[in-house]
Amino acid sequence: MKQDKKKTAKTLEGYYAAMLASFGPQGWWPGKTRFEMMVGAVLTQNTAWTNVEKAIGALRKEKLLTPERMHAVEEGELASLIRSAGYFNIKARRLKNLTARLLENSGLDRFLRKDSSGLRGELLSINGIGPETADSIMLYAAGKSEFVVDAYTKRIFTRHGLIEENAGYEEVKALFMDNLAPDAAVFNEYHALIVRTGKDYCRTKTPLCGECPLKGFLPAGR
DNA sequence: GCCCAGGTGTTTC
DNA sequence: GAAACACATGGG
């Protein structure tokens, strides 16, 4: 099925081109430093980014946006500062788990320099970091070419019939990893464009397919 | 008042 | 394994 694979690659490139033409580059990740980016990745779990921004603002005000400072602060205080991001008790614990691991590894720099498979395994072994958060950190903080799959990715591409309804994370990720050249800059922009498209046109309740930049790719009858 | 948002861990069949 | 549930705020 070599021909089939080539066709899939063309299709995925078409989606990318259409979104890029419609929205332009998204300039992700919206964070000043790599650590801030990692914090944002945890805080945005199942949460709107607008709520995350407020929490990060509070952390910045308290000068806690370094692994050392954040790890030193009391967990209850950390939780109250990130209250606006929701799940604040759980997320405070998760941030602590992350900073602990960074310090154990002689800092963020050394940690992110690990080779890809080692880094991903290490991230996944931290309680509170699952596949999406791990891949986000790999791609946006470490610059590794890992494709990030989120709820919008699943929704858009199942709707378009390119993945099964019940496909798991790794299965969806493989669609992109197996059919696109590994390029961190492209993966970065691709994921950001998917989120943008999902937010604007592919909400669960009120899809706006008629105006979506991807409407030309919708299979007939959908 | 209800639904949803850039998930993940735990519990339970 | 995989389904069901808990975790929580803020905007539409």
Side-chain angles (χ1 to χ4, degrees), chain A residues 15-16 19 23 25-31 34 36-59 75-101 120-142 144 146-159 163-173 175-176 184 186-208 212 214:
Chain A
Y15 276 75
Y16 181 68
M19 292 188 290
F23 297 119
Q26 298 299 293
W28 272 29
W29 187 281
R34 286 177 299 172
E36 184 176 325
M37 181 269 135
M38 294 167 85
V39 170
V42 170
L43 293 182
T44 199
Q45 290 170 353
N46 202 44
T47 298
W49 183 254
T50 50
N51 289 351
V52 175
E53 284 182 314
K54 295 171 188 162
I56 290 183
L59 293 172
E75 195 171 304
E77 188 184 337
L78 183 58
S80 70
L81 287 168
I82 64 172
R83 183 177 179 281
S84 69
Y87 305 142
F88 47 84
N89 289 313
I90 285 199
K91 285 174 177 173
R93 169 65 57 85
R94 290 177 180 177
L95 288 175
K96 286 284 205 170
N97 293 340
L98 174 62
T99 56
R101 196 67 70 92
R120 192 162 196 270
E122 179 108 25
L123 285 166
L124 290 176
S125 76
I126 300 171
N127 187 296
I129 296 194
E132 182 181 340
T133 308
D135 284 334
S136 292
I137 291 172
M138 299 271 295
L139 178 62
Y140 291 98
K144 312 279 190 190
E146 300 284 335
F147 203 91
V148 179
V149 173
D150 70 336
Y152 290 125
T153 315
K154 289 179 190 161
R155 189 181 308 153
I156 292 171
F157 288 87
T158 52
R159 183 171 182 85
I163 50 181
E164 301 287 335
E165 198 74 49
N166 57 359
Y169 185 93
E170 298 298 336
E171 202 178 336
V172 179
K173 181 179 178 183
L175 170 69
F176 298 92
V186 172
F187 286 5
N188 177 325
E189 198 57 57
Y190 208 137
H191 174 65
L193 286 165
I194 285 173
V195 173
R196 176 66 186 276
T197 304
K199 277 182 178 170
D200 288 3
Y201 299 102
C202 205
R203 306 203 155 236
T204 50
K205 190 85 181 211
T206 54
L208 300 167
C212 180
L214 299 178

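To find a chain, count down the sequence lines: A is the first, B the second, and so on, and within it residues start at 1.
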Would you kindly give the CG-to-P distance between A/L208 and C/dG12, to the nearest whole Å?
15 Å
For A/E132, run the side chain to side chain contact (heavy atoms under 4.5 Å, CB included) check against A/T153, A/I137, A/D150 and tell me which one passes.
A/D150
What's the CD1-P distance between A/I82 and C/dG10, to the nearest Å?
12 Å
With a 4.0 Å cutoff (strictly under), does any side-chain N or O of A/K54 reach OP1 or OP2 of C/dG11?
yes
For A/R155, report the nucleic acid contact type (base, sugar-phosphate, nothing); a contact means any heavy atom under 4.0 Å.
sugar-phosphate
How far does the C1' atom of B/dT10 sit from the matching atom of C/dT9, given to the nearest Å?
22 Å
Please check the phosphate of B/dT10 (OP1 and OP2 only) for any side-chain N or O of A/N127 closer than 4.0 Å.
yes
Starting at atom CD of A/E53, determine the distance to atom C1' of B/dA5, rounded to an integer number of angstrom.
14 Å
Establish, with yes or no, whether the OP1 or OP2 oxygen of C/dC7 is under 4.0 angstrom from a side-chain nitrogen or oxygen of A/R83.
no
Answer yes or no: does atom CZ of A/R93 have more than 12 heavy-atom neighbours from other residues, nucleotides or ligands under 6.0 Å?
no
Given side chains that start at C-beta, do those of A/R155 and A/T204 come closer than 4.5 Å, heavy atoms only?
yes
Return the orientation label for the A/F157 and A/Y15 ring planes: parallel under 30°, perpendicular over 60°, tilted otherwise.
tilted
Rounded off to whole Å, could you give me the OH-to-P distance for the A/Y169 and C/dA2 pair?
17 Å
Name the nucleic acid region contacted by A/A85, choosing base, sugar-phosphate or nothing; use a 4.0 angstrom heavy-atom cut-off, strictly under.
nothing
Judged by each residue's nearest nucleotide on DNA chain B, which is more toward the 5′ side, A/A48 or A/G130?
A/A48
Under 4.0 Å between any heavy atoms, over every strand shown, what does A/T153 touch: base, sugar-phosphate, or nothing? Just pick one.
nothing
Which part of the nucleic acid does A/L124 contact within heavy-atom distance under 4.0 Å: base, sugar-phosphate only, or nothing?
nothing
B/dG9 to C/dG10 separation - C1' atoms, rounded to the nearest Å
24 Å
Take the protein atom CH2 of A/W49 and the nucleotide atom C1' of B/dG7, then report the distance between them rounded to whole Å.
14 Å
Distance in angstrom units between A/R203 CZ and B/dC3 P, rounded:
16 Å
With heavy atoms under 4.0 Å as the rule, sort A/I194 into base, sugar-phosphate or nothing.
nothing
Please confirm whether the shortest side-chain N or O distance from A/S84 to OP1 or OP2 of C/dG10 is below 4.0 Å.
no
Heavy-atom nearest nucleotide on DNA chain C for A/T50 versus A/I90: which residue maps closer to 5'?
A/I90
Look at A/R120 together with A/E170 and state whether they make a salt bridge at an N to O cut-off of under 4.0 Å.
yes
Return no unless some side-chain N or O of A/N89 is found under 4.0 Å from OP1 or OP2 of C/dA8.
yes
Take the protein atom CG of A/N46 and the nucleotide atom C1' of C/dA8, then report the distance between them rounded to whole Å.
10 Å
Compare side-chain N and O positions of A/T47 against OP1 and OP2 of C/dG10 and report whether any pair is under 4.0 Å apart.
no
Which class fits the ring pair A/F176 and A/F147: parallel under 30°, tilted 30 to 60°, perpendicular over 60°?
parallel
By nearest-heavy-atom nucleotide on DNA chain B, the more 5' of A/T133 and A/N51 is A/N51
Given atom NZ of A/K205 and atom P of B/dA5, what is their separation to the nearest angstrom?
12 Å
